[in-house]
Each structure stands twice: as structure tokens, then as C-alpha cells.
Amino acid sequence: MTKKRSRRIAKVQEESMANAEKITEIKAKEFDEKMKNKKIEELSVELPAQPHPPHLESSRDRALQFNRGQPSDKDLDPDDVFEFGGYVAREAMCDEEYWTAAFLRAETHWEDRNHDRYVESHLRKYTGQEFNEIKKRRKVQFGNKCRCIVTMKKDSKDVKRPVLKSMVGTLDLRTRHLVGGETFPEERVKPSNFGSFRMTRSNRYGYIANLCVSKPARRQGVATNMLHFAIKQAKLDELEQVYVHVERKNKTAQDLYKKMGFQMIERATPQLEEKQLYLLCLEI
């Protein structure tokens, strides 16, 4: 099983890198063509400073090094990590960790479809999309931000593992604001209410998403301790509520969040009924 997973990871890596190279070449050609066709403005107009070409995020900027090791303890602030057993929870720090988190999410999403003949293609596509989304979400936009939290196996003096073989869990902790008219996350409100939207501390909240743990590491407290770390970070961000959506059929996840102190919001909306979800909230 481990060898099969390693071969699958290697195949997705190889094809993802090849696709990234092709996309970069296409974007670079499009940009060059656009600059060539751009008309020169009249000389009597003060010309603006020469614009910098757009940043093309790809493996050409810095090739992903999939044998890269974890950062050493001296590179980590003790306040930014949470150690438990043989693991450590912290925020992801490099592209290799973002990619591995994306692959773990893809693998979890498709784990019940191993017999699907297109599963490799699905994994590759999902991993690439989620990798780009993780990097995009990291950028603070309109007061919203996102932390990609991961759980890694701890290195020892005798055992040094690459990132790919170290990550066993991941989740997103997002900081959001209630849109004007909302009383809870993603509530459907009338469009006219959006005009009253203001970003204040009172309408900020945390949101947990994409929590997953690799199969070999399940039932070892990884999810629970990763949530402990996420809640600690939410407190540091001065958030007062943390929300999470859970599938109604996922009793295991419901029990996990309730054990952590989350309580179900009793407002049964048509939207939650339609998506077969529960909304849970933790007051911190």
C-alpha cells in the first residue's frame, strides 16, 4: 500500500510539474505578444514608469524540491508550534508543504474511488487546483486571510524525513467577515443588504475547512490536536467565534467537533438543508 501510494505521488508530481512548465510558457508568450501590440502613447504625454511583467507562479520561479526536509527546531518559534506524541502541528512554510497539503486533500477526497480508472487524472487535477488556491488564499484580501495548518511527523537525530513523507494532516483556518445582513457564515441575504457591509472586529470570525488526516495516522489524536492548535491561533488573532460546516452523514466529524466544544446552530435554513450540512460554532 505504501509503495503504491509513493508511485502515485511521484506520478502526480511529474505530471504537475510538466503542466506547470507548459502553462508558464503560454502565459509568457501571451504577455510578450501583448507588450508588442501595445500602442506607443503621444510623446507630449508623460510616460509612466515601465511596468514590471506579471509574476508567473510556477515551477520556473523555484522548482519544487520534493526531497526537501523539514525546517529545524531553531527555525521555528516555540509559540508557533504545538507538539504532541511524535507529531508537531504548525503553519505550512513553503511551496513543497503547500503542494503536499493539496495532495493529501486530493487523496482524501478521492480515497473511496480507488477503482475509478481516471483516479490518477482526478488526483493530478485536484492537487494542482488546490495548490494554487492555497497560495492564493494566503494573501490577505479585504481583511480576510487564511492559515494552512499542517501536522508533521517529528524528525529525530537518526531519522530525517522529506516533507512528502512527514505530513499526516492539514486544515485551513480562515479569517472572514460577516457580510451585511448575515447573522452566520454563508447565510443567504437579500442583495440590497450588501451595501451596509463594514469590516469591524465584531463581525470577524474564524472558519475551519479542509480538515483531513492520512489513513495511517488516523485515530492517533492528529485531528484533535490540530484543531487545538488552530483554535489557539484563532485566539491570537482575537477572534471570538470559530465556525465549521459538517456533512450530516459524517457522525465521526460531528463527534470530534462537539468534543472540542463546538455547538450546533439550531437555525435550519433551506441552504443547509439543500447541501445536507450542519453549521457548528465554538465561542472562544
Side-chain angles (χ1 to χ4, degrees), residues 71 73 76-93 97-98 100-101 104-105 108 130 133-134 137-141 143-154 166-178 182-187 199-214 217-247 250-267 272 277-284:
D73 291 342
L76 300 172
D77 188 329
D79 294 332
D80 295 335
V81 299
F82 181 69
E83 296 188 14
F84 59 97
Y87 303 103
V88 56
R90 57 174 174 78
E91 193 169 350
M93 300 176 63
E97 292 182 350
Y98 301 141
T100 306
L104 180 55
R105 295 172 187 186
T108 302
E130 183 63 16
E133 285 299 314
I134 290 173
R137 287 193 293 261
R138 286 185 61 250
K139 301 174 183 177
V140 178
Q141 295 181 335
N144 298 330
K145 67 178 182 179
C146 179
R147 298 174 185 265
C148 176
I149 293 174
V150 296
T151 295
M152 316 290 286
K153 293 179 182 177
K154 290 171 60 177
S166 301
M167 190 177 299
V168 297
T170 176
L171 66 79
D172 282 341
L173 172 63
R174 304 175 187 175
T175 299
R176 293 178 171 179
H177 292 78
L178 292 172
E182 283 185 340
T183 57
F184 56 87
E186 299 185 15
E187 179 185 12
M199 291 187 297
T200 64
R201 284 187 59 183
S202 62
N203 65 13
R204 291 170 68 242
Y205 66 91
Y207 185 78
I208 299 289
N210 297 319
L211 191 160
C212 58
V213 178
S214 64
R218 291 175 188 172
R219 301 187 182 280
Q220 298 181 42
V222 173
T224 299
N225 284 285
M226 195 159 47
L227 279 171
H228 272 301
F229 179 72
I231 293 167
K232 174 187 173 184
Q233 298 304 306
K235 289 180 179 178
L236 293 175
D237 289 340
E238 299 183 334
L239 300 176
E240 297 180 356
Q241 295 92 23
V242 177
Y243 292 90
V244 63
H245 281 105
V246 183
E247 292 182 352
N250 194 340
K251 299 297 183 182
T252 302
Q254 293 170 34
D255 291 342
L256 168 66
Y257 288 111
K258 288 178 181 178
K259 185 176 69 174
M260 297 293 297
F262 284 78
Q263 295 184 346
M264 191 178 301
I265 294 181
E266 297 299 334
R267 284 168 286 201
L272 293 177
L277 296 174
Y278 288 129
L279 179 64
L280 284 69
C281 178
L282 174 68
E283 300 284 344
I284 56 176

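Computed over heavy atoms, backbone and side chain alike; hydrogens, waters and symmetry mates excluded.
- Heavy-atom minimum distance, Val222 versus Ala217: CG2-O, 3.6 Å.
- In this structure a side-chain-to-backbone donor-acceptor pair under 3.5 Å is missing from Thr175 to Asn144.
- Annotation: the span from Leu239 atom CG to Ile231 atom CD1 amounts to 11.5 Å, rounded to 0.5 Å.
- What you find for Ala234 and Ile284 is that their closest heavy atoms are CB-CD1, 3.8 Å.
- In this structure, the separation between CG on Asn225 and OG1 on Thr151 is 8.0 Å, given to the nearest 0.5 Å.
- Between the side chain of Lys258 and the main chain of Leu280, no donor-acceptor pair closer than 3.5 Å is present.
- Distance alone, capped at 3.5 Å, is enough to place a donor-acceptor pair between the Arg218 side chain and the Val213 backbone.
- Counting heavy atoms from C-beta on, the side chains of Asn210 and Glu130 come closer than 4.5 Å.
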Can you check side chain to side chain contact (heavy atoms under 4.5 Å, CB included) on Leu227 and Leu171, steps first, answer last? CA-CA 8 Å; Leu227 279 171; Leu171 66 79; 4.2 Å; yes

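- Between Arg174 and Cys146, the shortest heavy-atom distance links the atoms CG-SG, 3.6 Å.
- Put simply, NE2 on His177 and CZ on Arg204 are 5.5 Å apart, with the number rounded to the nearest 0.5 Å.
- In this structure, CE on Met260 lies 7.5 Å from CG on Leu282, to the nearest 0.5 angstrom.
- At least one donor-acceptor pair under 3.5 Å links the side chain of Gln254 to the backbone N or O of Glu247.
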Could you walk me through whether Leu211 and Tyr257 pass side chain to side chain contact (heavy atoms under 4.5 Å, CB included), step by step?
-> CA-CA 11 Å; Leu211 191 160; Tyr257 288 111; 3.6 Å; yes

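- Atom CZ of residue Phe84 and atom CE of residue Met226 lie 7.5 Å apart, to the nearest 0.5 angstrom.
- Between Glu97 and Glu91 the shortest heavy-atom distance is OE1-O, 4.4 Å.
- Looking at every heavy atom in both residues, Tyr87 comes nearest to Lys153 through CE2-CG, 3.8 Å.
- Comment: Lys145 engages Asp237 in a salt bridge, judged by a side-chain N to carboxylate O separation of less than 4.0 angstrom.
- Side-chain polar atoms of Arg138 and Tyr98 form a donor-acceptor pair below 3.5 angstrom.
- The nearest pair of heavy atoms linking Val81 to Val88 is CB-CG2, 3.8 Å.
- To the nearest 0.5 Å, atom CD1 of residue Ile265 and atom NE2 of residue His245 are 8.0 Å apart.
- The aromatic rings of Tyr205 and Tyr207 lie perpendicular to each other, with more than 60° between the two planes, well past the 30° mark.
- A heavy-atom distance below 4.5 Å is found between the side chains of Leu76 and Met93.
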Worksheet entry | From CA spacing to verdict: side chain to side chain contact (heavy atoms under 4.5 Å, CB included), Glu283, Gln241 | CA-CA 5 Å; Glu283 300 284 344; Gln241 295 92 23; 3.3 Å; yes

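- The existence of a salt bridge linking Glu133 and Arg105 is excluded, since no basic side-chain nitrogen approaches an acidic carboxylate oxygen closer than 4.0 Å.
- Between Ile208 and Leu173, some side-chain heavy-atom pair lies under the 4.5 Å cut-off.
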(Q) Set out, in order, the CA-CA distance, both residues' side-chain angles and the distance that settles side chain to side chain contact (heavy atoms under 4.5 Å, CB included) for Thr252 and Leu256, then state yes or no. (A) CA-CA 6 Å; Thr252 302; Leu256 168 66; 5.8 Å; no

